[in-house]
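Worth knowing before you read on, the calculation uses all heavy atoms, side chains too, and leaves out hydrogens, waters and symmetry mates. The chains referred to below are lettered A, B, ... by the order of the sequence lines, with proteins before strands, and numbering in each begins at 1. All figures in this text were calculated on a predicted structure; none of them were measured in a lab.
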Number of protein chains: 2
Amino acid sequence: MASASPAPPRVSRRRRAAPPPKTRFDRRLAKILTHATDVFYEKGYEGASMRDLSRASGMSLAGMYYYFESKEKLLYLIQKHTFTTIVERLRERLKDVTDPEQRIRVFILNHLEYFLANQKAMKVLSHEDDVLKNSFGTEIAAIKREYYRICMDLLDNLKRAKGLEFSSRIAVLSLFGMMNWIYTWYHPRVDADAGEMAEQMANIFLQGVCASGKAPKKRSAN
Amino acid sequence: MASASPAPPRVSRRRRAAPPPKTRFDRRLAKILTHATDVFYEKGYEGASMRDLSRASGMSLAGMYYYFESKEKLLYLIQKHTFTTIVERLRERLKDVTDPEQRIRVFILNHLEYFLANQKAMKVLSHEDDVLKNSFGTEIAAIKREYYRICMDLLDNLKRAKGLEFSSRIAVLSLFGMMNWIYTWYHPRVDADAGEMAEQMANIFLQGVCASGKAPKKRSAN
DNA sequence: ATGTTTGTCGAACGTTCGTTCTAATGATAG
DNA sequence: CTATCATTAGAACGAACGTTCGACAAACAT
């Protein structure tokens, strides 16, 4: 039974502001997170031992616990940082675009660019989706829901603009499937870069939903 | 270094024919496989202990080893049976259909029907994709490649029939992504049944690839 | 110098892991 | 009734697990 709050007098993190102030502590922690991501990527969360992780960081097993309090928290930090970053960048990019179709293309491009540039972290985020429980799990789930919501709104805008009608839920989740499945097959030597990949997937998806959901005229299934 | 063949004098399986002859041994093993699938589904392969698995089967820990020689073999048996069955059923269904587009629809329907009817087994197959090593791993990988090949051929036929041009690799893997991602979000209470799901995904995918890959000549399709 | 904080480590904690040994059951056949 | 063999379980194996402890060096302020 791990206690949630009663007795953590050991570690004193002197910085808790939102923007990371680049202290020595933070820099070292970031290094550990990077190396841990590599190990989780290759062996999975359950399959990776704390000894594996410490070896990858060039630090002693006990030394790791100065930077975080449990293996679970380590996974949480990786997932939170990865997910937060991709949402941030998306918001930034969406500012410049107003056309509904283009906004979806921006969404796909942003997702795939980040996915392929940070393939290991994104696999850890996608593959170890439901291992975090309690507060850690709910926090990651909240970011996920937010990200999902953004995509859903983008798609609803397209539907309104073009007068289409189809299930947004299935469309969005199909799109996520297309994009996230990439971690199981993408090889940089064989496959095109993120830009081209995004265009091809966007073409399939956009033409797909546009053609399959013609609303007011004619009698077609929906 | 697990020995592949030298010294297994302990277990004597008196039946080794391809069609399962329903001996008591086979029936009991099948039960164990079913229960093990449930546990793997919920805790993952690494996260599930042999003690969890034995508890789920209502059998003692040691008793399990009478039916299979290792935890790895257990996962192998589950994956092999699941994958073999879905390929079998697909081959059966494809016999009746000749139209290239309809054949792809059959592929999607078969995949989703089996996926949703055997959601747990299919998650274990999809999620624990790269945990099996050595001969077990290569054998499962071979079935996977065969399945992939079938879909690829189906798509190439469509391309030839309709004079389309696009990357079959990306299209096929996008389709697999769409379909396999289902295990992360599908809820029978909320979402439609396999038939409707297959139709919607097939619409998106087929309209997508048909519209996005217009051949050298022609301007106005449909 | 001195004392405090910050960072690191070897060694060990108790627990659980996958697997095996051994012996005892239950059933079946001579 | 007894010999045989499939089937089960109790107890234990050594190894690995996540985590903690106490000691100890740098780093830094006073």
Pair B:Arg93 + B:Glu113, salt bridge at N-O below 4.0 Å: yes
Close side-chain approach of A:Ser57 to A:Lys31, heavy-atom, < 4.5 Å: no
Send over the distance from B:Tyr65 OH to D:dA12 P, rounded to a whole Å. 19 Å
Would you say the side chain of B:Arg103 lies within less than 4.5 Å of the side chain of B:Phe107, judging by non-hydrogen atoms? no
Closer than 4.0 angstrom, basic N to acidic O: yes or no for B:Asp130 and A:Lys123? yes
Do any side-chain nitrogens or oxygens of A:Tyr66 fall under 4.0 Å of OP1 or OP2 in C:dT8? no
To the nearest angstrom, the CZ-C1' distance between A:Arg27 and C:dT6 comes to 14 Å
Can you list, by residue number, the residues of residues 129-140 of chain B that have a non-hydrogen atom closer than 4.0 angstrom to DNA chain C? none
Heavy atoms of A:Glu101 and A:Leu206 approach each other most closely as CG-CD1, 3.7 Å
Between A:Glu72 and B:Arg28, just flag the one whose closest nucleotide in DNA chain D comes earlier from the 5' side. B:Arg28
Report the distance from atom CG of A:Leu29 to atom C1' of C:dT6, rounded to the nearest whole Å. 15 Å
Salt bridge present between B:Arg169 and B:Asp156 (N-O < 4.0 angstrom): no
Is there a side-chain contact between A:Ile86 and A:Thr82 in this structure, where contact means two heavy atoms from C-beta onward sitting under 4.5 Å apart? no
Using side-chain hydrogen bond (donor to acceptor under 3.5 Å, both in side chains) as the criterion, point out the one residue from B:Lys80, B:Lys144, B:Gln79 that pairs with B:Glu139. B:Lys80
Of the listed D:dT7, D:dT20, C:dT8, the closest approach to the A:Tyr67 side chain comes from C:dT8
Proximal nucleotide (of D:dT19, D:dT8, C:dC9) relative to the B:Ser60 side chain: D:dT8
How many Å lie between CZ on B:Arg24 and C1' on D:dT7, as a whole number? 7 Å
Please list residues of residues 48-59 of chain A whose heavy atoms come under 4.0 Å from any atom in DNA chain D, ordered by number; otherwise none. A:Ala48, A:Ser49, A:Met50, A:Arg51
So that I know where these two stand, are A:Phe40 and A:His35 an aromatic pair - ring centroids less than 6.0 Å apart? no
